Amino acid sequence: MVGATPLARAASAGKKLKLGFDNFSVRAFGWKAPQLLDYAASLKVDTVLFSDLDVYENHSDAYLKDLKKKAADLGLEIQAGTGSICPTSTSYPQIQKKWGDPEAHLKLTIRVAKLLGSKAARCYLGTGRDRTSEGGIEARIKDTVKVCKSARSFALDAGVKIAIENHAGDMQAWELQTLVEEAGKEYVGVTVDSGNAAWTLEDPLVNLEILGPYAASSGIRDTMVWETAEGASAKWAAMGEGVVDWKVYMKRYAELCPDTPVQLEIISEFGKALPYYQNDFWKPFPKVRANEFAKFVALAKRGKPVPPYQAPPGKDKNVALQEFQKSELERSIKYCKEVLGLGLKA
């Protein structure tokens, strides 16, 4: 609600937030879109984010329109997405082999979104490795802006907003804000990712304050952050099992982006060391804002160490991962419904 009055925001805060999940949360099952819709319906959620183009059996108009109808019959909304759209990202060569040049890749994603009835096309720049590429993250932002601008008319005509995620340590919130403003916020927004915030030394609430007004999509999960001798470590967690104060977060979320669904991307297998007491650590972060970093340090002081994910001994690793992912997601949905009051369905 960019530009809304405090009174209007307060009124919007009384509306319940839609609840859903990103298919990446249960990727170990290898389910295609129809199976994921059935699973989402069984969980009584409102939305599902298909965050990759491989989830579809094909990209024909007829197939995608059938998916849209199936979702509507189940009382679900679909959001569509894909991966990197930055031609100079270290992650793009593998994507190019599959989807071609970034301009065509982005337009395909927008087309898929339109046919599915999605108002957002989630995508991202790259990963934390791009911060140390030639020209740094600023050069990668410029390249991504160019790609977005190449699809401006296409996105506006489709009624789909390009929703760029803060992804895997690539951009801090203020950097993504810069990208959106440079590209044009009338057709570019963001996918707010609370978990990825920690990988760029941000308190998720600080990340939300900056990106919330631009949010068209989301990828939400908890994070445990704790101090170490070298700085800190972060490990993603099921909702309510990390250091984020979710009641405060969701109250602010409802004020900043009440029409954006809360889509859980629970990927508790992953963690990251953040050795910020080591001088070399700071080379990819030449412009970190001290007041925001201080809030991240305060967050780390509240956390406690948690062990890394390991499959139980003697159990098939893929089966173990499937069970783990399903349990983490379903526990998180339960927490969001019962503790946070999210979702439109009982």
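No experiment lies behind these values; they were computed from the predicted model shown. In this chain, residues are counted from 1 in sequence order.
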Distance-only side-chain donor-acceptor flag, Q278 / E230, under 3.5 Å:
no
Does the side chain of T200 come under 3.5 Å of the side chain of Q172 through a donor N or O and an acceptor N or O?
no
Assess the side chains of S133 and R140: does a donor N or O sit below 3.5 Å from an acceptor N or O?
yes
Within the 4.5 Å heavy-atom criterion, are S218 and L49 side-chain neighbours or not?
no
If only side-chain N and O atoms count, and only distance matters, is there a donor-acceptor pair under 3.5 Å linking T90 with D130?
yes
How about Y214 and E181: does a side-chain donor come under 3.5 Å of a side-chain acceptor?
yes
Under 3.5 Å, is there a donor-acceptor pair linking the side chains of T127 and H167?
no
May I ask you to decide if G136's main-chain N or O and R131's side chain share a donor-acceptor pair within less than 3.5 Å?
no
Please tell me whether T47 and Q79 have a donor and an acceptor in their side chains that are separated by less than 3.5 angstrom.
no
Donor-acceptor pairs are to be reported for all side-chain atoms of residues 21-30 against protein atoms at under 3.5 Å, with residues two or more places apart or in another chain.
from : atom 1 : to   : atom 2 : distance (Å)
D22  : OD1    : F24  : N      : 2.8
D22  : OD1    : S51  : OG     : 2.6
D22  : OD2    : S51  : OG     : 3.4
N23  : OD1    : S51  : N      : 2.8
N23  : OD1    : S51  : OG     : 3.3
N23  : ND2    : D52  : OD2    : 2.9
S25  : OG     : D22  : O      : 3.1
S25  : OG     : L264 : O      : 3.1
S25  : OG     : I266 : N      : 3.0
R27  : NH1    : F24  : O      : 2.9
R27  : NH2    : E269 : OE2    : 2.5

Flag the pair E255 and R252 as a salt bridge only when some basic side-chain nitrogen lies within less than 4.0 angstrom of an acidic carboxylate oxygen.
yes
Is there side-chain contact between K235 and K272, with at least one heavy-atom pair below 4.5 Å?
no
Would you compute the distance between atom CG of L74 and atom NZ of K44 and round it to the nearest 0.5 angstrom?
11.5 Å
From the options M171, E202, R221, select the one residue that forms a side-chain contact (heavy atoms from CB on, under 4.5 Å) with N196.
R221
Result block: side-chain N/O donor-acceptor pairs under 3.5 angstrom for residues 238-246, not counting sequence neighbours:
from : atom 1 : to   : atom 2 : distance (Å)
E241 : OE1    : R331 : NH2    : 3.3
E241 : OE2    : R331 : NE     : 2.7
E241 : OE2    : R331 : NH2    : 3.4
D245 : OD1    : K247 : N      : 3.3
D245 : OD1    : V248 : N      : 3.3
W246 : NE1    : D222 : OD1    : 3.4
W246 : NE1    : D222 : OD2    : 2.9

